[in-house]
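Data block below; observations after.
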Number of protein chains: 2
Amino acid sequence: MGIYMTDATSIQPLLDYFNRLIPLSVEEKDLIKSKFHAHLFLKKQFALQHGDVCEYFTFVVRGCMRLYMVDDKGVYHIMQFATENYWILDLTSFHKKIPARLNIDALEDTVVLRITHSDLIDLYLKAPKFDRIFRVLLENHFMHQQQRMTQLFSSTAEERYQLFLETYPHLLNRLSQVQIAAYLGVTPEFLSRIRSRMAKG
Amino acid sequence: MGIYMTDATSIQPLLDYFNRLIPLSVEEKDLIKSKFHAHLFLKKQFALQHGDVCEYFTFVVRGCMRLYMVDDKGVYHIMQFATENYWILDLTSFHKKIPARLNIDALEDTVVLRITHSDLIDLYLKAPKFDRIFRVLLENHFMHQQQRMTQLFSSTAEERYQLFLETYPHLLNRLSQVQIAAYLGVTPEFLSRIRSRMAKG
DNA sequence: AGGTCGTCTTAATCTATATCAATACTTTTT
DNA sequence: AAAAAGTATTGATATAGATTAAGACGACCT
C-alpha cells in the first residue's frame, strides 16, 4: 500500500498551481524544484503539534489534512481541511516563530510539498515574483477564511451544513461525521439530528 | 466641527506605517503620495454599502469605522473595527469586483487615506516592493482574523468579552455596548448581563 | 422646553444546541 | 476470532444565549 513517487512527478501539481496564478520562467520553476520538498504523512500522523513552531508552508498534492485547535474542555475545532491543491499551515506560528496554538494531522495518507521559512525568504529574495504570487495566494486564503467567519457568525448549524454540502460535495464521502461536526462547530450528535431532520423535512 | 488638513500632514501616518514594515525610498514615498487620497467620513456615513463594489483599499488615519454584515433577520454582525493605523475593506469585493456582502460605515468622524484598485495594480507594477509590503500587510490581517475566528469558535461570550477588554482597552470608551455586542456575536441584553455578572462575581 | 431617539438594565419565557447515556454496527488491532 | 476502538443513532435532560417587554436615563432636535 506504499506510495511511490519521483521528485519529477510530484512537483508538477505545484508548478501548475503557481503557473495558473502567474506564469513562471524556467529559472523560477527550477527555484521551486530546489526549495520545495516532498513528504508523505500516513493517516493520523501529525504535521504540527500544538506547542511546536510551525516550520513549513505546506501544499497538499494528494490526500487530506486538517488544521484544528483543541479547547480547554478538550473539544476539537477544525479551522480548515486541505485536500489536493490547498495550502495548510499555522501562519502565525510560521511567521512569528512562536509556539503553535493549532495542530495539523493527516486524515488520509497524504503527499505534500513544503518549504521552510528560511527557504521561503530566500525564494522572495532570489525571485521577487514570489512576493506577488504569495500575496495573491494569501488574498485567496483570506477570502476563504472571511467567508467562513461570516458564515459561523450568522447562520444556524443546519444552514452551515447545507452550505458545506454545496461547497465541498466531494468531501462528504471522505470525512466522517465527527470531522464534519468539528468543522461546523457542533457536536456529532447534533449533526446526526440535523441530517435526520433534513432527510424527513 | 470641521476637520481641516493638508495633504502634507495627513499622508504622514501612512508613510510611517509602510516605513515601519519595510523602509521606503524617496520615489516610493512620492508614489504613495500620488496614489493615496484623503477622504473624510462624518459619523454614520457609509464608505461601502452591501451590493456595491468595494472600490478602495482604505487606511484609517483618525476616527473609527466598522466592517459588518446584516443577516437575513436584520441582525448586525461586526467583523472588525478599524481605528488609527488599521486597514478596512471588503477584500473579496475589491479583488473580484463583485457586489459586496459587507458594509462599512463611520462610528466617529473619520479621516482615511485610500487607493483604488487600478491605482494599486499600478503601484505594484511601478514599485514591486509594494507586492512585498502588501504581502506582509495581508499576513498580519490574516493572523488577526484567524485569532478572532478561533476565539469565536471556542469561547463563551463572557470569555470573548474578557479578551476584548484585554486586547482593545482603548475601544471600551469609544464604542457603545450595542457595537461591542455586535462584535462579540451576542445581543446587547446579554452583554449587559455579562457585565453585571462580572461586576458581582 | 418638550418630544423623540438611542442607550442600558432587569425580568420572564423560549429555543438552539450541548450533555449524558444507551444501543447497534463497522473497522482496526491484536 | 476475539477484543477494542471508532462511528452513527436516538432519547431525556440541561444550559447558554435569544426574544420580548418594560422602565429609566441621557442626548439631540426643532
Side-chain angles (χ1 to χ4, degrees), chain A residues 1 42-45 64 66 68-78 81 105-109 151-165 171-201, chain B residues 1 42-45 64 66 68-78 81 105-109 151-165 171-201:
Chain A
M1 197 55 92
L42 296 178
K43 187 173 177 174
K44 295 196 182 180
Q45 206 178 340
C64 182
R66 59 175 178 172
Y68 64 99
M69 68 173 301
V70 184
D71 72 19
D72 308 336
K73 292 169 203 141
V75 179
Y76 284 55
H77 304 275
I78 297 178
F81 296 112
D105 64 15
L107 295 172
E108 305 171 356
D109 292 352
Q151 205 195 113
L152 270 176
F153 227 139
S154 67
S155 9
T156 63
E158 177 158 348
E159 289 164 342
R160 282 179 339 250
Y161 182 58
Q162 297 265 20
L163 196 64
F164 174 82
L165 291 181
L171 283 185
L172 182 62
N173 307 309
R174 279 170 83 171
L175 300 171
S176 72
Q177 279 188 208
V178 176
Q179 306 305 333
I180 297 174
Y183 178 82
L184 297 177
V186 297
T187 58
E189 292 95 328
F190 192 65
L191 178 54
S192 172
R193 248 162 256 257
I194 288 171
R195 284 165 55 101
S196 72
R197 195 195 300 158
M198 279 170 58
K200 289 169 198 159
Chain B
M1 197 57 90
L42 296 178
K43 187 173 176 173
K44 296 195 181 181
Q45 206 178 339
C64 183
R66 60 175 175 170
Y68 63 99
M69 67 173 301
V70 184
D71 71 19
D72 308 337
K73 292 169 203 142
V75 180
Y76 284 56
H77 303 276
I78 297 178
F81 296 113
D105 63 16
L107 294 172
E108 304 171 356
D109 293 352
Q151 206 194 113
L152 270 175
F153 226 138
S154 66
S155 8
T156 64
E158 177 158 348
E159 288 165 342
R160 274 166 2 234
Y161 182 59
Q162 297 265 20
L163 197 63
F164 174 81
L165 291 181
L171 284 185
L172 183 61
N173 307 310
R174 280 170 83 171
L175 301 172
S176 71
Q177 278 188 209
V178 176
Q179 306 304 332
I180 297 174
Y183 178 81
L184 297 177
V186 296
T187 59
E189 292 93 331
F190 192 65
L191 178 54
S192 173
R193 220 156 274 250
I194 288 171
R195 284 165 56 101
S196 73
R197 196 195 299 158
M198 279 171 54
K200 288 168 197 160

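The sequence lines fix the lettering, A, B, ..., with proteins before strands; numbering per chain opens at 1.
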- Message: Quick one about B:Tyr76 and B:Asp71 (side-chain donor to acceptor, distance below 3.5 Å, no hydrogens or angles considered), yes or no?
- Response: no
- Can you tell me if B:Arg174 and B:Gln179 form a side-chain donor-acceptor pair at under 3.5 Å? no
Does some side-chain heavy atom of [Y] sit less than 4.5 Å from a side-chain heavy atom of [X]?
{"X": "B:Lys44", "Y": "B:Asp109", "result": "no"}
{"X": "B:Ile180", "Y": "B:Leu172", "result": "yes"}
{"X": "A:Val75", "Y": "A:Val70", "result": "no"}

- Task: Anything under 4.0 Å to a heavy atom of chain B counts; send over the first and last such nucleotide of DNA chain C, read 5' to 3'.
- Result: C:dT7 to C:dA11
- Do A:Phe153 and B:His77 have ring centroids that are under 6.0 Å from one another? yes
- Query: Are A:Arg66 and A:Asp105 ion-paired here, with the side-chain N under 4.0 Å from a carboxylate O?
  - Reply: yes
In whole angstroms, how far is the [atom2] atom of [N] from the [atom1] atom of [X]?
{"X": "A:Leu191", "N": "D:dT9", "atom1": "CG", "atom2": "P", "value": "8 Å"}
{"X": "B:Arg193", "N": "D:dT19", "atom1": "CZ", "atom2": "P", "value": "14 Å"}
{"X": "B:Glu189", "N": "D:dA21", "atom1": "CD", "atom2": "C1'", "value": "10 Å"}
{"X": "B:Asp71", "N": "D:dA18", "atom1": "CG", "atom2": "C1'", "value": "13 Å"}
{"X": "B:Glu158", "N": "D:dT15", "atom1": "CD", "atom2": "C1'", "value": "15 Å"}
{"X": "A:Met198", "N": "D:dT9", "atom1": "CE", "atom2": "C1'", "value": "17 Å"}
{"X": "B:Leu184", "N": "D:dA18", "atom1": "CG", "atom2": "P", "value": "11 Å"}

Quick one: which protein N/O atoms are closer than 3.5 Å to N/O atoms of nucleotides 6-8 of chain D? Pair and distance per line, please.
unit_1	atom_1	unit_2	atom_2	d
D:dA8	OP2	A:Gln177	N	2.8

